[in-house]
Participant: 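Sharing a structure with you now.
Everything quoted here is computed from the prediction, not taken from an experiment. The residues of the chain are indexed from 1 along the displayed sequence. All ligand and atom numbering here is 1-based and tracks the order in the structure.
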Amino acid sequence: MIWENNRIFKLDTPNTSYIFRITPQGQAEHIFYGKRLPSADVDALCMKNNITLGGTVDYTSNYCLDSTLLEYSGIGKGDYRHTPLECRLPDGSFTTDFVYESYEILDKAYENDCGLPFAKGKGQTLRLVFADKKYKDLHLILNYTVFFNCDVIVRNAELHNGTDGQVTIRKFLSAMVDLPEADYSLLTLNGSWAKEAHIQDAPIGYGIHVNDSTVGASSNRHNPAFLIKRIGADERQGEVIGCNLLYSGNHYSAVEKTSQDTLRIAWGINPHCFDWVLQPGEAFVTPQAVMSFSEGGINGFAANMHDFVNAHIIPQRWQRVERPVVLNNWEATFFDFNKQKILTMAKQAAQLGVEMFVLDDGWFGSRNSDRAGLGDWVTNTKKLPGGMGALAKAINEMGLRFGLWFEPECVNPDSDLYRAHPDWAIAIPGRDPSLGRNQLTLDLTRGEVRDYIVDAVDKILCSANIEYVKWDYNRHISDTFGSTLSNQGEFFHRYILGLYEVLRRIFAEKHPHILLESCSSGGNRFDLGMLCFSPQIWTSDDTDARERLDIQRGMYCFYPPSSISCHVSMCPHQQTLRNTPLGARFQVAAFGVLGYELDFGELTPEERRQIKDQILFYKEHRRTFQYGRFSRYFPKPNSRESWQMAGEGKILAAIYNLTYHAIPARDTLRFLAAQSGKRYSVATMEQKQRIGRFGGLIKHVLPVKLKADGAVVRFADRHFAMTDGKECYECSGEALQSGIQLAMQYSGTGYSPDLRISGDWGSTLYVAEEL
Ligand code: DGJ
């Protein structure tokens with residue numbers, strides 16, 4: 001609920017309050033953000049400014065902006081902290097001085113037809129209007145939409161140029177907030193290709209700390225999401241304020257700890273190479289900045305974000321819809337496939353319970369490697385005789401749905417598209433453009449390029465029964481130049497607006513029934529903007545289960561499992577050469593949207609049997625895995641991690657070995673969402689260990705001496721496996737909360753079917769069901 005009283009604004013959600021007031025001088029002064037308060041109590045809560053400090057500049061007598069906690073700021077009137085707004089006014093100066101004019105409260109979420117996606121659904125919006133003191137027709141509007149069901153506030157800003165001169169925006173962030181204390185750490189998600197979303201959590205020292213992207217996408221280097229954690233807060237408790245941005249392009253967030261130990265946070269579009277001209281009568285609208293507070297540590301904050309994404313970001317049609325189990329051919333075949341190979345793979349997939357076959361890169365034009373053909377969206381009938389319609393039909397007849405890969409934003413110079421329209425690729429006149437993965441990016445700021453993409457993709461989508469699209473994007477932008485733009489400072493943002501237009505035209509307007517999975521070399525564009533169009537995102541090209549713990553752990557802080565696409569792939573793993581047990585590969589991938597990315601034909605009959613059981617298990621618990629309440633913790637820091645999903649009357653709790661040592665520590669597992677007063681049955685998910693994993697050790701447990709690489713052991717390894725850790729209990733919710741003692745792990749002194757043989761990177765999954 002949003003309250004106003006005497007220019008004091010209080011934005012309440014069930015568990016949080018956000019309070020600010022308009023000062024007599026006209027600025028919005030931040031008062032409080034934290035747990036729900038019964039009243040505004042501004043006199044007690046506001047920061048006291050009894051005297052003017054030396055070395056400061058007065059705004060009015062005894063009122064200094066630099067010492068005031070603000071909701072937004074500018075340049076030139078004495079606030080020297082980092083600014084969210086920098087623009088050149090008609091008189092050539094950079095000084096802005098916005099003072100309060102009016103407010104309005106609307107009983108709906110914020111809307112604007114500027115081309116950006118916005119959070120939708122039931123909400124309430126406060127719109128605050130400020131006017132510049134000199135240019136009275138230059139207006140700054142701050143919007144706050146409150147989404148009560150998830151304790152989330154979404155903000156953005158607009159600048160309206162009602163003057164008769166030109167205003168050039170050089171920096172315009174979506175939101176800013178000043179907090180009265182600074183004893184926080186800053187948690188960000190960092191990485192690269194195949195190493196996305198690794199958590200960095202570092203105490204915030206004095207100065208400005210920036211988390212940004214300049215690659216043209218939200219990037220795998222620094223995801224736009226970040227959170228500030230009160231020192232001492234952890235996964236399960238403590239105050240956390242988390243932020244994110246509904247934007248897929250260059251982002252920027254800066255956190256500044258001041259000399260007075262206050263904290264300024266501001267985030268939005270990256271000012272890097274940004275410069276936007278507002279002619280008289282024009283306006284600029286920033287993307288939405290998301291924030292949420294929780295006293296429940298990272299898990300509490302993540303719960304808010306997961307609910308927010310599932311209810312307000314994902315297209316309505318896909319909300320709470322169970323996502324199919326896919327087989328994707330990429331890691332199995334790369335470019336080397338033909339129709340027969342695909343149909344054989346699909347047939348095996350159908351037999352194991354897979355629901356959707358996704359044909360990845362290489363089906364079109366002369367695309368037999370990543371050096372040619374990108375941009376030519378015509379089915380290669382040498383590889384796929386009969387075309388896409390016939391392939392989809394054959395796959396449908398096996399009982400599978402069919403999905404297809406595209407990468408429409410890019411082009412290989414060796415392609416018909418490039419030969420016909422070399423000027424459609426981004427390049428600066430007089431410079432050779434740099435290639436990334438042998439390709440160039442198309443200039444989506446141009447209308448005819450967007451029309452080409454929409455028509456070309458639409459033609460294929462209409463030619464076959466395609467129910468899922470993987471939309472990839474495999475390079476960063478370089479040689480930034482829009483050949484039809486008069487101001488190159490607008491390029492990056494216009495590119496993203498162009499991308500959103502294309503996605504809207506193809507998927508929201510023409511093919512809303514298609515499930516869109518976006519991808520950018522894995523998670524190079526894993527952000528709330530893309531999630532407004534694509535309910536799920538390919539998280540990383542690194543599918544190694546141990547690596548995925550680091551990647552998915554980071555993603556879960558901000559994004560729900562239903563949006564995180566996870567595949568089980570072959571071992572030794574493509575990127576790490578690591579051999580992780582098949583059970584652990586599944587138990588990591590199951591905490592998201594499950595798929596497989598391997599050739600079932602290369603597995604042993606025993607492995608195929610296990611995969612059939614995994615898929616059955618996943619389908620039985622899919623609603624909980626995809627839409628339950630996620631939580632995680634480290635039962636033993638650095639050596640054990642647990643991920644849990646609760647919902648539908650059950651808790652699915654996995655415990656993973658991060659590293660394994662001889663005589664391993666005993667394991668206690670707490671079920672974080674167990675409810676007091678309830679009784680539960682607890683049982684392990686049935687899993688097996690390969691006989692081959694024991695190598696030469698096998699001779700110690702058999703009466704006959706067999707060679708580890710001999711025919712008998714090889715035969716046994718293909719057709720049989722050893723039972724791994726069977727446990728079964730009945731207990732109270734209170735016992736589960738306190739932690740139950742798990743069976744011992746393998747220690748080299750013998751085998752029994754109730755021993756957990758996890759070893760390095762192994763895991764066990766427990767299902768606790770309410771009785
Ligand atoms: C990068 C993606 O992340 C992969 O999954 C695969 O689709 C390749 N592109 C295909 O080129």
Participant: Within the supplied structure, the quantity of interest is the number of heavy atoms (other residues, nucleotides, ligands) at a distance under 6.0 Å from R221 CZ; does it exceed 12?
Facilitator: no
Participant: Give the ring-plane orientation class for F364 versus W405, where under 30° counts as parallel, over 60° as perpendicular and anything between as tilted.
Facilitator: parallel
Participant: Look up atom CD1 in I477 and atom OG1 in T441, then write down how far apart they are to the nearest 0.5 Å.
Facilitator: 5.5 Å
Participant: Can you work out which protein residues put a heavy atom within less than 4.0 Å of ligand 1?
Facilitator: W330, D360, D361, W405, R437, K470, D472, N474, C519, S521, G522, W538, D541
Participant: When rounded to the nearest 0.5 angstrom, what is the spacing between CD1 in I342 and CG in N329?
Facilitator: 4.0 Å
Participant: Taking side-chain contact (heavy atoms from CB on, under 4.5 Å) as the criterion, tell me which of N223, N524, I551 meets it with E196.
Facilitator: I551
Participant: Is it the case that atom CZ in R371 sees more than 12 heavy atoms from other parts of the structure closer than 6.0 Å?
Facilitator: no
